[in-house]
Amino acid sequence: MIVLFLFLASVIATCHGSADYAITNHIYPLRMKTSSSVGDYTPDIPCSSWRLGVEVHNIIDWKTVPKECENYVSNYMLGGQYRLDSKAVAEEAYQYASSLNISKDENNIWIFDVDETTLSNLPYYAKNGFGAEPFNNTAFREWSSLGEAPALPETLKLYKRLLKLGIKIVILTGRREDKRNATATNLKSVGYTSWEKLILKGQAFKGTTFSFKSGQRKELEENGYRIVGNMGDQWGDILGASPGNRTFKLPDPMYYVV
């Protein structure tokens, strides 16, 4: 019986392909839900299909994760698949960046978003329904002020590799200017030790995050920067004016930001 157990464990590990499925590699080590990994959203549309619609931007302007999909999103975010999906994006981004053979002339930049791109707010969302509960801006601002968000491992790895290629980093976030110190401290504490610019929304800015980021990217180009890459978890991070030579969308089925 022991031999059979060890054999089955070996087969499972081989099928999964790497240690990315190990519990120690979870961004936020909570226990996954025990319910179905697919779940039912409607009789005809499983939660896995809902998530696909979200990721490819066919489902837009949604306010919360369908309540029926809370367990599914929990399993996805805390399990190995989220890490592997993020890894696939980051690896493609690096392969593209390394093919450029760019000169270190200080004008080539890569733009990263913050929330669910460089930093993970899973400790917060794990306590707030993984997006199935209405967003509480006050509670989230209190959480982000703590500066305790962990890094997304695959993004951090990409960040370090880009620096070695001579690409400067610009971090462009929809967080407000009053969160600059907390955000900068948090980023540095988890390994993002330097950047060309850290750009946050002004306190008086009234437009959408989409319009803010588009405007900031356009301004960067007008100041002589070349945006060779742009990565975020929201479509609003990578659409609009001056998106960059290539854009990379990380998975995020927990919320939708305009």
Side-chain angles (χ1 to χ4, degrees), residues 20 24-30 55 73-74 76-79 82-91 93-94 109-131 135-163 167-201 209-210 212-213 216 229-238 247-257:
D20 287 316
T24 54
N25 283 330
H26 289 174
I27 295 170
Y28 187 53
L30 287 178
E55 297 296 4
V73 173
S74 165
Y76 173 75
M77 296 301 297
L78 298 178
Y82 173 57
R83 175 74 181 268
L84 289 177
D85 289 349
S86 299
K87 182 176 182 178
V89 177
E91 185 61 28
Y94 176 69
I109 61 171
W110 192 286
I111 295 179
F112 283 109
D113 173 48
V114 171
D115 297 301
E116 274 54 68
T117 300
T118 49
L119 299 178
S120 171
N121 295 299
L122 269 175
Y124 171 83
Y125 281 101
K127 297 178 180 179
N128 293 275
F130 292 92
F135 181 69
N136 185 322
N137 186 56
T138 300
F140 182 78
R141 285 174 60 83
E142 291 175 353
W143 151 255
S144 60
S145 294
L146 297 175
E148 297 178 353
L152 272 79
E154 301 304 331
T155 305
L156 180 58
K157 186 185 301 182
L158 174 63
Y159 159 86
K160 293 178 178 178
R161 297 169 91 181
L162 293 175
L163 288 177
I167 300 174
K168 290 185 176 292
I169 304 301
V170 170
I171 299 176
L172 175 58
T173 175
R175 292 186 178 192
R176 295 284 179 177
E177 188 64 39
D178 62 348
K179 291 294 181 289
R180 174 174 292 276
N181 289 339
T183 301
T185 300
N186 196 164
L187 287 165
K188 290 179 179 179
S189 71
V190 297
Y192 301 99
T193 55
S194 64
W195 47 77
E196 178 75 358
K197 292 178 180 292
L198 172 60
I199 305 173
L200 298 89
K201 276 185 186 176
T209 297
F210 173 83
F212 168 71
K213 292 194 172 185
Q216 291 299 315
N230 180 13
M231 176 176 283
D233 67 298
Q234 300 292 317
W235 283 94
D237 297 330
I238 58 178
T247 60
F248 296 89
K249 167 73 168 63
L250 286 165
D252 182 4
M254 296 190 299
Y255 58 84
Y256 180 88
V257 176

Taking only residues two or more places apart in sequence or in another chain, which ones pass ring-ring contact (aromatic ring centres under 6.0 Å, His included) with [X]?
X	result
W195	none
F210	none
Y94	none

Taking salt bridge (Lys or Arg N to Asp or Glu O under 4.0 Å) as the cut-off, I'd like each qualifying pair that reaches into residues 140-151, sequence neighbours left out, listed once.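 Every salt bridge (Lys or Arg N to Asp or Glu O under 4.0 Å) pair that includes a residue of residues 140-151, provided the two are not neighbours, is R141-D178.
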Enumerate the residue pairs fulfilling salt bridge (Lys or Arg N to Asp or Glu O under 4.0 Å) with a member in residues 179-200, sequence neighbours excluded, ordered by first and then second residue.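 Sorted result for residues 179-200: K168-E196, E177-R180.
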Those residues that, when tested against Q234, pass side-chain hydrogen bond (donor to acceptor under 3.5 Å, both in side chains) (two or more places apart):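 Residues passing side-chain hydrogen bond (donor to acceptor under 3.5 Å, both in side chains) with Q234: D252.
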Taking only residues two or more places apart in sequence or in another chain, which ones pass side-chain hydrogen bond (donor to acceptor under 3.5 Å, both in side chains) with Q216?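 With sequence neighbours excluded, Q216 shows a side-chain hydrogen bond (donor to acceptor under 3.5 Å, both in side chains) to no residue whatsoever.
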Considering residues at least two apart in sequence or located in another chain, which fulfil the side-chain contact (heavy atoms from CB on, under 4.5 Å) criterion with [X]?
X	result
K201	R176, F205, T209, F212
A182	none
N136	Y124, T138, A139

Can you name the residues that form a salt bridge (charged side-chain N to carboxylate O under 4.0 Å, His left out) with D113, not counting sequence neighbours?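 With neighbours one apart ignored, the set is K213.
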Going by the rule salt bridge (charged side-chain N to carboxylate O under 4.0 Å, His left out), which residues pair with D233 if we only count those two or more places apart in sequence or in a different chain?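 D233 satisfies salt bridge (charged side-chain N to carboxylate O under 4.0 Å, His left out) with no other residue.
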Minimum heavy-atom separation for P251 and Y82, please, with both atom names.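 So the two residues come closest at O-CE1, 3.6 Å.
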